[in-house]
2 protein chains.
Amino acid sequence: MHLTPPDMICFALYSAAHAMQQAYKPLLDELGITYPQYLVLSVLWAQDDQTVGAIGRQVQLDSNTLTPLLKRLQTQGIVSRERDAQDERQVRIRLTEKGYALRYAARDIPGCILDRSGLTLADATALRDKVTALRDHLRDEGV
Amino acid sequence: MHLTPPDMICFALYSAAHAMQQAYKPLLDELGITYPQYLVLSVLWAQDDQTVGAIGRQVQLDSNTLTPLLKRLQTQGIVSRERDAQDERQVRIRLTEKGYALRYAARDIPGCILDRSGLTLADATALRDKVTALRDHLRDEGV
DNA sequence: GGCATTTATATCGTACACGATTTAATCTTG
DNA sequence: CAAGATTAAATCGTGTACGATATAAATGCC
């Protein structure tokens, strides 16, 4: 017996995650940002002025991915990057005016995506929790 | 009201897909292949001698991603790439001896992953189907 | 206080993803 | 049967991911 991608739960997650990014793409194109950049901004919209590490823990990315991504956001004038005066090892990321403005421009995205998913809020929440539980189980085993 | 990544179903999928890849990594490292390469090989193990396009439809990737990936598999002596004599536009991908051997070496991976997921087969299947349905709904809307 | 250890980012190399374009082969239609 | 349309791969450019390593600042411990 042999599994092909359509049978695999890993492939379901892999292809669904990509399809989700495609669903976001036209909405994010209007804002001039990518999907991982949107995740980072969502973190900053909830709480501004965070370190690279703090952001990374929330989006589950390390500095090797975040540093270039944040530099691109900085180039676009969306965030500022500045060494912390107290602890020079840390870099504090802050939203610019433009970064704040994007929050407003992005306000309808979650609703759009829920619509596009074809799920009720309750179903989406239930599925999210199942997928999150699977992720956390996989991550815990890995340690 | 504002959603942060932990609230988003897109982030659940995104981070679960990454966690899944991490769960596969130690197993695939032993075979010397990556996770997308494993997906492609799973397709070929089910049915050898397919075109780039046919493989792409199953793993949902286009030639811009597959061509370099297949070239790397060819460099490793795992597949061969040859223009179809009947239709020179197409490139036929075939498993080498080594490519076949990997199927045997990889035979325990699905069981390992199911174990690591902490789900029963029934739960995994149910979750897979829900996630697949979501993906297909997102993809259909996109057209 | 000075040196080893730890911590926070950054850098580098490799491998996806994917939009856009290119190239070459086949098909279609007049 | 020839010109245009279509199809299949490949190429190019940009942006993630991530392992491994580097760098520099802060901390711990004698």
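Everything numeric here is computed off the predicted structure, so don't read it as measured data. Each chain gets a letter, A, B and so on, in the order its sequence line appears, and its residues count up from 1.
A perpendicular orientation is assigned to the rings of His2(A) and Trp45(B), their planes being inclined by more than 60° (bins at 30° and 60°).
In terms of phosphate contacts, Thr51(B) brings a side-chain nitrogen or oxygen within less than 4.0 Å of OP1 or OP2 of dA9(D). Contact annotation: Gln37(A) side-chain N/O to dG15(D) OP1/OP2 distance is not under 4.0 Å. Using a 4.0 Å cut-off, no side-chain N or O of Arg72(B) falls inside it from OP1 or OP2 of dT14(C).
Comparing dA9(D), dC12(D), dT16(D) by their closest approach to the side chain of Thr34(A) singles out dT16(D). Closest to the Thr67(A) side chain, of the nucleotides dG15(D), dC18(C), dA10(C), is dA10(C). Of the candidate nucleotides dA17(C), dC16(C), dT9(C), dA17(C) has the atom lying nearest to any side-chain atom of His18(A). Side-chain proximity of Asp87(B) to dT16(D), dT26(C), dA17(C): nearest is dT26(C). Across dA17(D), dA15(C), dA10(C), the shortest atom-to-atom separation from the side chain of Ser63(A) is found for dA10(C). Minimum atom distance to the side chain of Thr65(A) is reached by dA17(D), of the listed dA26(D), dC16(C), dA17(D). For Glu88(A), whose side chain is taken as the heavy atoms from C-beta onward, the closest listed nucleotide among dA26(D), dT16(D), dA20(C) is dA26(D). Nearest to the side-chain atoms of Asn64(B) among the listed nucleotides dA20(D), dG19(C), dA17(C) stands dG19(C).
In this entry the distance linking OH of Tyr24(B) with C1' of dA15(C) reads 19 Å, nearest Å. Following rounding to the nearest Å, Ile33(B) (CD1) and dT14(C) (P) show an atom-to-atom distance of 20 Å. Distance, Arg83(B) CZ to dA9(D) P: 8 Å, rounded to whole Å. If you take CZ of Arg92(B) and P of dA8(D), they are 12 Å apart, rounded to a whole angstrom. In this structure, CD of Gln86(B) is placed 16 Å from C1' of dA8(D), rounded to the nearest angstrom. A straight line from CZ of Arg89(B) to P of dT22(C) spans 20 Å, rounded to a whole angstrom. Nucleotide dA17(D) holds its P atom 10 Å from the CG atom of Leu66(A), rounded to whole Å. The distance from atom CG of Leu61(A) to atom P of dA8(C) is 17 Å, rounded to the nearest whole Å.
Of the two residues contacting DNA chain D, namely Asp62(B) and Lys25(B), the nearest-nucleotide position lying further toward the 5' end is that of Asp62(B). Nearer the 5' end of DNA chain C, as judged by each residue's closest nucleotide, is the contact made by Leu69(B), out of Asp84(B) and Leu69(B). Residues Pro68(B) and Arg57(B) both approach DNA chain D. Their nearest nucleotides, taken by heavy-atom distance, put Arg57(B) toward the 5′ side.
For Arg103(A) and Tyr100(A), the positive end is not near the middle of the six-membered ring at less than 6.0 Å and at most 45° from its axis.
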Could you walk me through whether Val43(B) and Gln50(B) satisfy the side chain to side chain contact (heavy atoms under 4.5 Å, CB included) test, starting with their C-alpha distance in whole Å, then the side-chain angles of each, then the deciding distance to 0.1 Å, before giving a yes or no?
CA-CA 9 Å; Val43(B) 167; Gln50(B) 300 198 53; 3.4 Å; yes

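Asp7(A) and Thr4(A) form a side-chain donor-acceptor contact under 3.5 Å, judged by distance and modelled atom types alone.
Electrostatic pairing of Asp49(A) and Arg92(A) counts as a salt bridge here, judged by a charged N lying under 4.0 Å from a carboxylate O.
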